[in-house]
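Bear in mind the structure is a predicted one, so any value in this text is a computation, not a measurement. Letters A, B, ... are given to chains in the order of the sequence lines, protein chains preceding strands, and every chain is numbered from 1.
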Number of protein chains: 2
Amino acid sequence: MNTNVVLDLAKLRRRCAQCSLHQLCLPAGIGHDDLDQLDAIVRRRRPLTRSERLYRIGDPMNALYVAREGSFKTVAINSDGEEQIIGFHLPGELMGLDALGSGRHRCEAEALGPTQVCEVPIESLEEVIHAIPGLSAQILRVIGRSVARDQDHLEMLGRRQAQERIAMFLHGLSERFRVLGHPSAEFSLPMSREDIARFLGLVIETVSRGFTRLQDEGVIKVRGRQLRILDPRQLETMALGSPDAPREQVCPRSA
Amino acid sequence: MNTNVVLDLAKLRRRCAQCSLHQLCLPAGIGHDDLDQLDAIVRRRRPLTRSERLYRIGDPMNALYVAREGSFKTVAINSDGEEQIIGFHLPGELMGLDALGSGRHRCEAEALGPTQVCEVPIESLEEVIHAIPGLSAQILRVIGRSVARDQDHLEMLGRRQAQERIAMFLHGLSERFRVLGHPSAEFSLPMSREDIARFLGLVIETVSRGFTRLQDEGVIKVRGRQLRILDPRQLETMALGSPDAPREQVCPRSA
DNA sequence: CGGTCGGTTGATTGCCCTCAACCTCAGTGG
DNA sequence: CCACTGAGGTTGAGGGCAATCAACCGACCG
């Protein structure tokens, strides 16, 4: 596995301009010259494998991170030692914002499988912002999408029916795969049932039963972590609430 | 209301340097000269009263906002028309980040009472960042604290016991008042029971019963929106779940 | 006074957590 | 080849806790 060809590919991969994610990572409007400047600052870390951590609770903030391969979970741990999943991070999605406020991380970032990660050292961040015109707007946008994912999560957790949360979760995940350019109707779940449960504020049995029920209803096909969405329309309806409402009656919505 | 006195007061109010919140708004390390520059850019909006909105879902992003008086809630509305409270915003706490990702707001920002709001127009934001050295770091920190509040919210909603959520909510609110320099053991809740319920993913009756139970246990005294925390230690224990853990150390805020 | 709004309290239902058994699958070693 | 093992996941039975439905209370207002 160490032929020249592989090395060349590895080298190509190192370049932001060649990265399949650079449209997502820093969407729209970065020129090639600027990408070269970025290359000088973005660091590539050694690969991580499953259960290795990018940072831990209490670590000082060193950088912002984006996986270009593989997925992560961020985990908060309360004083009981109980874990709560704060977020899942697919390739191209930002990690590390949790330390922006205090300078120290509030979460652990743990790899769900083999990963490759890029980082922007925090001390470079400010100078990058000033060096590359327009970059600050891009960075704000990436931050904004991270905030938006947190808000999606809040909306899931605000639902009081377990089945709704599960439907929203699968729908949202599918959407994120679609944006990534991956198949969105059939994919492999990067995380365990346990992780899903702790993400949704449920117990593992409830998640399992929810999946089974969606399968019995013909909405999905699930076997282990392999998932196929058979009826995306129906899933969306369950996730977003009813556009045309087989749901509970509603008095003619005023306003 | 156009006497000289009023105008003078209004003028005083306009200055960031005089604002009681400027340490919170843009913590630590902005010089007086820079504050003058900020003044030129920060706009003060006309006051809003209860139930008036700063922005609505779908509105294009115009600015970032901070109330210097009064509180807000941000509300997401799903297709059933059901409302979910995404956040409460006390004076000095940022609003408007929800539009950073897409350029359009995902939430409504609604005043909970009479308010005064400052805004940084988005088109100025970038130039401000470049004009004032060090400001980008400050802005990132303010954003980070907003992210941290969202994560606190996620941790509340991840708890499966209603009583735990309620305890965390009151404890967190008290902490925020403390940081603001307000009494943290006795204050008036800015929001209704309904809002609290929709913030915590519960129904109003459950919130009401939770308050009553905390009162019966001697932890709080509550009458309408007036709240007194009688046993802060106990409340903290219920909120953080820990037996006797004396809370995380406060890291001396670096730079 | 009646009406509405925000909040509390009571009685009942039902969803989801708990506890427990069982299954599948991969790895391991005999 | 099989038995053993442990982790991850599914399924079942039962009970507790929060949602639901409903009545009531106090405050405010016209």
Side-chain angles (χ1 to χ4, degrees), chain A residues 49-51 73 80 82-85 110 112-113 156-170 188-217 220-227 238 241 247-251 254, chain B residues 49-51 73 80 82-85 110 112-113 156-170 188-217 220-227 238 241:
Chain A
T49 64
R50 184 181 135 69
S51 88
K73 61 178 174 183
D80 310 355
E82 205 176 328
E83 296 189 350
Q84 154 87 2
I85 309 284
E110 183 179 328
L112 294 170
M156 280 180 228
L157 291 178
R159 296 309 189 90
R160 273 154 299 149
Q161 302 290 325
Q163 203 65 3
E164 284 182 284
R165 293 192 207 172
I166 292 168
M168 290 178 84
F169 172 70
L170 292 179
S188 176
L189 295 166
M191 70 295 284
S192 68
R193 297 290 191 275
E194 174 98 43
D195 287 338
I196 297 171
R198 292 190 164 155
F199 182 77
L200 293 179
L202 302 171
V203 296
I204 187 174
E205 296 97 322
T206 304
V207 173
S208 182
R209 280 185 247 267
F211 279 14
T212 302
R213 192 171 138 200
L214 283 175
Q215 184 168 247
D216 291 345
E217 293 167 341
I220 64 172
K221 175 87 177 69
V222 60
R223 180 175 169 77
R225 294 195 178 186
Q226 205 55 36
L227 185 89
M238 302 172 90
R247 185 101 183 106
E248 198 177 33
Q249 96 311 335
V250 175
C251 34
S254 46
Chain B
T49 65
R50 185 181 134 69
S51 88
K73 62 179 176 184
D80 310 355
E82 207 176 326
E83 296 189 350
Q84 154 86 3
I85 310 285
E110 185 179 326
L112 294 170
M156 280 179 227
L157 291 179
R159 297 308 191 87
R160 274 154 301 153
Q161 302 291 324
Q163 203 66 3
E164 283 183 284
R165 293 190 208 172
I166 292 167
M168 291 178 83
F169 171 71
L170 292 180
S188 175
L189 296 166
M191 70 294 282
S192 68
R193 298 290 191 274
E194 174 97 44
D195 286 338
I196 297 172
R198 289 186 167 158
F199 181 78
L200 293 179
L202 301 170
V203 296
I204 187 174
E205 295 96 325
T206 304
V207 173
S208 181
R209 277 185 250 267
F211 278 15
T212 301
R213 194 172 135 199
L214 283 175
Q215 184 167 246
D216 292 345
E217 293 167 341
I220 64 173
K221 173 87 177 72
V222 61
R223 178 174 172 79
R225 295 195 176 185
Q226 204 56 37
L227 185 89
M238 302 173 89

Write down the distance between [atom1] ([X]) and [atom2] ([N]), rounded to a whole number of angstrom.
X      : N      : atom1 : atom2 : answer
A:Q215 : D:dT11 : CD    : C1'   : 14 Å
A:E82  : C:dT18 : CD    : C1'   : 14 Å
B:R160 : D:dC17 : CZ    : C1'   : 13 Å
A:L227 : D:dG9  : CG    : P     : 13 Å
B:D216 : C:dT8  : CG    : P     : 12 Å
A:M191 : D:dG9  : CE    : C1'   : 16 Å
B:Q226 : C:dT8  : CD    : C1'   : 18 Å
B:Q161 : D:dA19 : CD    : C1'   : 15 Å

Contact class for B:R225 (heavy atom, under 4.0 Å): base, sugar-phosphate, or nothing?
sugar-phosphate
With side-chain hydrogen bond (donor to acceptor under 3.5 Å, both in side chains) as the rule and sequence neighbours excluded, what pairs involving residues 196-215 of chain B come up?
B:E194-B:R198, B:R213-B:E217
Is the backbone N or O of A:G210 less than 3.5 Å from a side-chain atom of A:Q163, with the two atoms forming a donor-acceptor pair by type?
yes
Smallest separation among heavy atoms of [X] and [Y], with atom names:
X      : Y      : answer
A:L189 : A:F211 : CD1-CE2, 3.9 Å
B:I166 : B:V207 : CD1-CA, 3.9 Å
B:L157 : B:Q84  : CD1-NE2, 4.4 Å

For a side chain to side chain contact (heavy atoms under 4.5 Å, CB included) check, start with the C-alpha distance between A:L202 and A:R165, then their side-chain angles and the critical distance, and finish with the verdict.
CA-CA 9 Å; A:L202 302 171; A:R165 293 192 207 172; 3.7 Å; yes
Considering only heavy atoms, which members of residues 194-211 of chain B lie under 4.0 Å from some atom of DNA chain D?
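Heavy-atom contacts with DNA chain D come from B:G201, B:L202, B:V203, B:E205, B:T206, B:R209.
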Strictly below 4.0 Å: does A:R193 bring a side-chain N or O up to OP1 or OP2 of D:dT10?
yes
I want to check one thing: is the phosphate of C:dC25, taken as OP1 and OP2, less than 4.0 Å away from some side-chain N or O of A:R223?
yes
A:T212 side chain, from C-beta outward: closest of D:dT11, D:dA19, C:dG6:
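Taking heavy atoms from C-beta onward, the closest nucleotide is D:dT11.
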Give every pair of a protein N or O atom and an N or O atom of nucleotides 28-30 of chain D that lie under 3.5 Å apart, one pair per line with the distance.
none

Decide side chain to side chain contact (heavy atoms under 4.5 Å, CB included) for B:M238 and B:L214; before the verdict, give the C-alpha distance in whole Å, the side-chain angles of both, and the deciding distance to 0.1 Å.
CA-CA 10 Å; B:M238 302 173 89; B:L214 283 175; 3.6 Å; yes
After noting the C-alpha distance and the side-chain angles of B:M156 and B:F199, does the key distance pass the side chain to side chain contact (heavy atoms under 4.5 Å, CB included) rule?
CA-CA 10 Å; B:M156 280 179 227; B:F199 181 78; 3.8 Å; yes
Distance (rounded to the nearest 0.5 Å) between B:M191 CE and B:R193 CZ:
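The distance works out to 10.5 Å.
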